[in-house]
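Reviewing the structure listed below.
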Amino acid sequence: MERPIDLELKKLKEQLLTMAGEVEQQLSLAVRSLVDRDSQAAEAVIAADERVDAREKEVDRTAVEIIVRERPLASDLRLVITATKIAPDLERVGDHAVNIAEQALVLNRMPPLKPFVTLPRMADIAKEMLRQALTSYVEHDARLARQVIARDDVVDALHEEVFRELLTYMLGDPQTIPRALALILISRSLERIADQATNIAEQVVYLVEGQDIRHVHGGEERGV
Amino acid sequence: MSENVRFSLQNLTCAYSGQVVVRDVSLDIPAAGVTAFIGPSGCGKSTILRCLNRMNDVVPGFSLSGRVLLDGEDLYGDSQDPVLIRRRVGMVFQRSNPFPTSIFNNVAYGLKLHFKLTRAQLELEVEQALRAAALWDEVKDRLQAPATSLSGGQQQRLCIARALAVKPEVMLFDEPASALDPVATGKVEELVMDLGRRMTVVIVTHNLAQASRVADRTAFFLRGELIEFNRTVALFTNPQRPETEAYLLGRLA
């Protein structure tokens, strides 16, 4: 049975997915600007950030409209609430993509410090986490969401690894400090993106199960 | 039984002329706060409400099994006096039903019936009841005017004042605002919430937004059965039963 609200909810989901697609593209482009030393790509990421910000507002507007017009309840209400929480997470991912692009611009003006190994891997995992978190939202799949949450630790560990390695560079040769710092900031952004994906996944668990698992420490309690 | 339960329904089954309309409902209504009964038409919510002060007694063909306890006492026990029960458990209906007399006499009626008061005491009690029903300021200068000269919303608050005058421990509301405009509805809802801070309040409503605004707890009924009873926010955001979910989503077939 199609209800008037179904159309509106579909629109909300579509807006969120469009935003997610754009954010993902921003992230891919930012990582490429770093790995391929492509400063044009970095500039494109920075220029496109406004569009992502506008998408966030668009999602909010639709959500408010649904709340006012349809007074959603039960799972409808949870869908709207989670959309308004996921959009800012995506917007933050967009900001991190910009941070990465900005650091890439700095790095591209200097000779490479070392070949990229861990950072692209981190980027791949973070991107996949983001994609899976969004898939779990669309498909109401709490199991997939919990898998995303479990992977956050992997990215955290990689970030620590990158940090320690770059520290040795800086200690060994002060000339590497600007480049090592830029790389640490990039690693930090990727680690934060994985956190945003985790936040989104936590919202999906709330959406599907009505259970708020945020700020519960330890994997067991979060059911991962 | 725990101390803070006001009503305890135990396997309550009701029928009109043999047709079962409430089936095996067991429910504890806490003494504090507002409890809402929701559900589609014919779900039995009003019938159950009317069992809480034996208002169904006068309906021909009505029969009941199971027990309704008020503070641990069986309301349908042999020694119970329905008139006394209705003093303890006041009721306000969907349509305001003021007596065809003055505003003052409407409120004074129950007081005269139940208590021996001097004129001064009576006037004081009437004023207090009208104040409690948030009507005093609007009628204090025309207490002798006919009740029917009041607006619909005022008439409904007059009925609330009339019920409050005899100092009930419980107030029952059966769709109290369904015939009122949004402003008058807001006043009645405010009153319901205010009363809920001081006494047990049970409200039947088909208006989900109203239940979510005024009630601390909500019970959902379907086809005479209790489906789910929970804190209102929990029930409206995360219902545990598929029937409740379907009803809240407007998907109930």
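Quick caveat, the model's predicted, so the values are computed rather than measured. Just so we're on the same page: letters track the sequence lines, and every chain starts at 1. The figures that follow rest on heavy atoms only: side chains count, while hydrogens, waters and symmetry mates do not.
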Inset, instruction - Find the distance between CG (A:Leu73) and OG1 (B:Thr244) and round it off to the nearest 0.5 Å. - result: 12.0 Å
Legend entry - Any A:Asp76 side-chain heavy atom under 4.5 Å of B:Glu245 side chain: no
Legend entry - Over 12 non-hydrogen atoms of neighbours within 6.0 angstrom of CZ in A:Arg69: no
Legend entry - Residues, nucleotides or ligands: over 12 heavy atoms within 6.0 Å of A:Arg121 CZ: no
Legend entry - Contacting region of A:Glu209 [heavy-atom separation from chain B under 4.5 Å]: backbone
Legend entry - Over 12 foreign heavy atoms within 6.0 Å of CZ, B:Arg88: yes
Inset, instruction - Identify the two heavy atoms, one from A:Arg3 and one from B:Leu249, that lie closest to each other, and give their separation to 0.1 Å. - result: NH1-O, 2.6 Å
Inset, instruction - Might you confirm whether atom CD of B:Glu190 has over 12 heavy atoms from other residues, nucleotides or ligands at distances under 6.0 Å? - result: no
Legend entry - Student check: side-chain heavy atoms of A:Tyr206 and B:Thr237 closer than 4.5 Å: yes
Legend entry - Heavy-atom proximity to chain A below 4.5 Å, by part of B:Leu235: neither
Legend entry - Over 12 foreign heavy atoms within 6.0 Å of CZ, A:Phe163: no
